[in-house]
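See structure below.
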Protein chains: 2
Amino acid sequence: MRAEALKGHLDGLLLATLEDGPLHGYAVKEALREVTEGRIDLPTGTVYPALHRLEGAGLISGTWAVANGRRRRTYRLTAAGHAALSDQRAGWQEFATAVTFALKARPWPATP
Amino acid sequence: MRAEALKGHLDGLLLATLEDGPLHGYAVKEALREVTEGRIDLPTGTVYPALHRLEGAGLISGTWAVANGRRRRTYRLTAAGHAALSDQRAGWQEFATAVTFALKARPWPATP
DNA sequence: CCTCCATGAGTAGCATTGCTACCTATAGCA
DNA sequence: TGCTATAGGTAGCAATGCTACTCATGGAGG
């Protein structure tokens, strides 16, 4: 997976991962990796700042907890987050359709 | 179409547009707009630098010409450009599949 | 005649964003 | 004792598309 390909689509993926229920940061990363069968395996240096961004934007809310002697920050979608996820899904559909179409080989578009 | 969504995918779109035959910069922009029915309508400040990048990378080659008193730079795909386009197509397929899957609502994945 | 618009090319500088490369800490296993 | 997985974090970099301009020609409308 090319590195820059993800730009602009990460937020939606994180939100979608949190849609199923609250998760802490590391679990988000793992869930995304498992769901995509390893195709999207984000470094922690990508995940944590992104979650902070989303929290700052009010799309998710985090709370500290402790489990197994380790501190965790558990995130859940806010109402705004659910709405944003809807937008992201719609935006992705439109984007993917346009790119797929534009990328398609057009053998002889001007010769019917 | 969100602005940042395109990041990392622009090159492939431009290469695909040039696959059908040589075009000058402005025509590339117009062709891409028409092919996608206006969904991808790039500002010239995006197109020209991108074409320069692609030319610098050896994926396209440009030659100056004059038509209707206006100077044009006509670009065509190089062999490397054709190869890069193949890679872009494959990469896009993989990326789109992964994102579509990850973005999909997973009602109860853990409860069979 | 003058102005506006489409065509055609270009650049400087900005903002965003994901990544690399680090650091800290605990639990468990070899 | 050290390594690995888990868990969270940051500083700074590099890439990339966009905004907002500049310059130029030709044709249409007033």
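All chains are named by letter (A, B, ...) in the order of the sequence lines, taking the proteins before the strands, and each is independently numbered beginning at 1. Hydrogens, waters and symmetry mates play no part in the numbers below; they use all other heavy atoms, side chains included.
- For dA9(C), the OP1/OP2 oxygens have no side-chain nitrogen or oxygen of Arg73(B) closer than 4.0 Å.
- Remark: Gly25(A), Tyr26(A) in residues 25-35 of chain A come within less than 4.0 Å of DNA chain D through at least one heavy atom.
- Here the C1' atom of nucleotide dT6(D) and the CG atom of Asp41(A) are 14 Å apart, to the nearest Å.
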Find every protein N or O atom lying less than 3.5 Å from an N or O atom of nucleotides 25-29 of chain D, and list the pairs.
{"unit_1": "dT25(D)", "atom_1": "O2", "unit_2": "Arg70(B)", "atom_2": "NE", "d": "3.0"}
{"unit_1": "dT25(D)", "atom_1": "O2", "unit_2": "Arg70(B)", "atom_2": "NH2", "d": "2.7"}
{"unit_1": "dG26(D)", "atom_1": "O4'", "unit_2": "Arg70(B)", "atom_2": "NH2", "d": "3.2"}

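- To the nearest angstrom, P of dA24(D) lies 14 Å from CH2 of Trp64(B).
- Among pairs with a residue in residues 90-105 of chain B, none fulfils salt bridge (Lys or Arg N to Asp or Glu O under 4.0 Å), at least two apart in sequence or across chains.
- Applying the side chain to side chain contact (heavy atoms under 4.5 Å, CB included) rule to Ala27(A) yields the partners Leu23(A), His24(A); only residues at least two apart in sequence or on another chain are considered.
- Near DNA chain C, meaning a heavy atom under 4.0 Å away, the residues from residues 47-60 of chain A are Arg53(A).
- With sequence neighbours excluded, no residue satisfies salt bridge (charged side-chain N to carboxylate O under 4.0 Å, His left out) with Arg71(B).
- Nucleotide dT17(C) holds its C1' atom 12 Å from the NE2 atom of His9(A), rounded to whole Å.
- Remark: C1' of dG8(D) and CG of Leu42(A) are 16 Å apart, rounded to the nearest angstrom.
- Not a single donor-acceptor contact under 3.5 angstrom links the side-chain atoms of Lys7(A) to the base of dT16(D).
- The side chain of Arg71(B) places no N or O atom within less than 4.0 Å of a non-bridging phosphate oxygen (OP1 or OP2) of dA9(C).
- A search for side chain to side chain contact (heavy atoms under 4.5 Å, CB included) contacts involving Pro22(A) returns Thr74(A), Arg76(A), not counting sequence neighbours.
- Straight-line distance from the NE2 atom of His24(A) to the C1' atom of dA25(C): 15 Å, rounded to whole Å.
- Checked against side chain to side chain contact (heavy atoms under 4.5 Å, CB included), Gln93(A) has the following partners two or more places apart in sequence or in another chain: Thr97(A).
- Side-chain contacts under 4.5 Å among hydrophobic residues (ILVMFWY), followed directly or transitively, place Val35(A) together with Phe101(B).
- The nearest whole Å value for the distance from the CG atom in Leu6(A) to the P atom in dT20(C) is 12 Å.
- In the set dG18(C), dG17(D), dG10(C), the nucleotide with an atom closest to the side chain of Thr44(B) is dG10(C).
- Qualifying salt bridge (charged side-chain N to carboxylate O under 4.0 Å, His left out) partners for Arg70(B), counting only residues two or more places apart in sequence or in other chains: none.
- When side chains are defined from C-beta on, Phe95(A) counts as touching Leu6(B), because their heavy atoms get closer than 4.5 Å.
- Under the side chain to side chain contact (heavy atoms under 4.5 Å, CB included) criterion, Glu34(B) pairs with Glu30(B), not counting sequence neighbours.
- In this structure, Leu10(A) places its CG atom 7 Å from P of dC19(C), rounding to the nearest Å.
- Inter-residue side-chain proximity for Lys29(A) and Tyr48(A) is flagged as unmet; no heavy-atom pair is nearer than 4.5 Å.
- Every pair passing salt bridge (Lys or Arg N to Asp or Glu O under 4.0 Å) that includes a residue from residues 79-92 of chain A is listed here, sequence neighbours excluded: Glu19(A)-Arg89(A).
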